[in-house]
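Everything on this sheet refers to the single structure shown next.
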Amino acid sequence: MSLRVALVEDSARIRARLAEMLAEIPNVAIAFAAETEGEAVRLLASEPWDALILDLQLKVGTGLGVLKAMQGLLARESRTAIVFTNYGFPQYRERALGLGAHHFFDKARDFPALRKVLEELAANA
């Protein structure tokens, strides 16, 4: 079984870069992509997925809003939420982790760390 990754990112360039990275990792498939908080919440609640890569700033809404809406689901099920943002400030990290995110990475410096976590998740899928 492959690791199904949901991408919630409003930048087409970043989505493409993430898709390229995910394609290089064995046992990984993109479940779906969303650009807005509402679209993300709807798809996360209705589509199968195992891991979520979530930006904080979306076209409409925020990644924190997505985490808040999905908090119960993240607590009940063995799914992994990974925040991947340009806003790597301590207050955002604390808030995201408090809302159920398992990892918090800065886009500017943590791309290798994100990949490592996804490789580990895929190896255990």
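For the single chain, residues carry numbers from 1 onward in sequence order.
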TODO: Would you check, one step at a time, whether the test side-chain contact (heavy atoms from CB on, under 4.5 Å) holds for L121 with V5?
DONE: CA-CA 10 Å; L121 289 171; V5 179; over 6 Å; no
Start with the C-alpha gap between M21 and L118, add the side-chain angles, then the distance that decides, and say whether side-chain contact (heavy atoms from CB on, under 4.5 Å) holds. CA-CA 10 Å; M21 178 196 60; L118 291 166; 3.5 Å; yes
Show your reasoning for whether side-chain contact (heavy atoms from CB on, under 4.5 Å) applies to V66 and L54.
CA-CA 8 Å; V66 172; L54 177 65; 4.0 Å; yes
Check the pair Q71 / L67 against side-chain contact (heavy atoms from CB on, under 4.5 Å), numbers first and verdict last.
CA-CA 6 Å; Q71 205 169 12; L67 285 173; over 6 Å; no
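Under a hydrophobic-cluster definition in which Ile, Leu, Val, Met, Phe, Trp and Tyr are linked whenever side-chain heavy atoms come within less than 4.5 Å, directly or via other members, L52 and L43 are assigned to the same cluster. A continuous path of hydrophobic side-chain contacts links V8 to L99 [ILVMFWY only; heavy atoms under 4.5 Å]. L114 and L56 are members of different hydrophobic clusters when ILVMFWY side chains are connected at heavy-atom separations under 4.5 Å. No continuous path of ILVMFWY side-chain contacts below 4.5 Å connects V41 to V60, so the two sit in separate hydrophobic clusters.
Of all heavy-atom pairs between L58 and T36, the closest is CD1-C, 3.9 Å. Closest approach of P48 to A31, counting heavy atoms only: O-CB, 3.5 Å. Taking all atoms of both residues into account, the shortest heavy-atom contact from A125 to S2 is CB-C, 4.3 Å.
With a 4.5 Å cut-off on side-chain heavy atoms, I82 and H102 do not count as touching.
Every pair passing ring pair (Phe, Tyr, Trp, His ring centres under 6.0 Å) that includes a residue from residues 106-125 is listed here, sequence neighbours excluded: F84-F111. For residues 44-55, every residue pair satisfying the side chain to side chain donor-acceptor pair (under 3.5 Å) rule, not counting sequence neighbours, is listed here: R4-D50, D55-K107.
For A19, the side chain to side chain contact (heavy atoms under 4.5 Å, CB included) partners are I30, not counting sequence neighbours. Contacts of F89 classified as side chain to side chain contact (heavy atoms under 4.5 Å, CB included), with partners at least two apart in sequence or in another chain: Y87, Q91, Y92. Scanning for side chain to side chain donor-acceptor pair (under 3.5 Å) contacts around R109 gives D106, with sequence neighbours left out. E35 is linked by a salt bridge (charged side-chain N to carboxylate O under 4.0 Å, His left out) to R15, K59, counting only residues two or more places apart in sequence or in another chain. The side chain to side chain contact (heavy atoms under 4.5 Å, CB included) search around E120 returns K116, not counting sequence neighbours. Here Q57 pairs with nothing under the side chain to side chain donor-acceptor pair (under 3.5 Å) rule; sequence neighbours left out. Partners of F104 by ring pair (Phe, Tyr, Trp, His ring centres under 6.0 Å), not counting sequence neighbours: none found. Applying the salt bridge (charged side-chain N to carboxylate O under 4.0 Å, His left out) test to D10 and every residue at least two apart in sequence or in another chain returns nothing. Residues passing the side chain to side chain donor-acceptor pair (under 3.5 Å) test with R79, sequence neighbours excluded: E77. Residues that satisfy the salt bridge (charged side-chain N to carboxylate O under 4.0 Å, His left out) test with R42, not counting sequence neighbours, are absent from this structure.
Taking CG of N124 as the start and OG of S78 as the end, the distance is 11.5 Å to the nearest 0.5 Å. Atoms CZ and CG, from R17 and L22 in turn, are 12.0 Å apart once rounded to the nearest 0.5 Å.
Of the candidates V83, T85, V117, I53, V117 is the only one forming a side-chain contact (heavy atoms from CB on, under 4.5 Å) with F105.
Within 6.0 Å of the CD atom in E94, the count of heavy atoms belonging to other residues, nucleotides or ligands does not exceed 12.
In terms of modelled atom types and a separation under 3.5 Å, the side chain of E37 and the main chain of T62 share a donor-acceptor contact.
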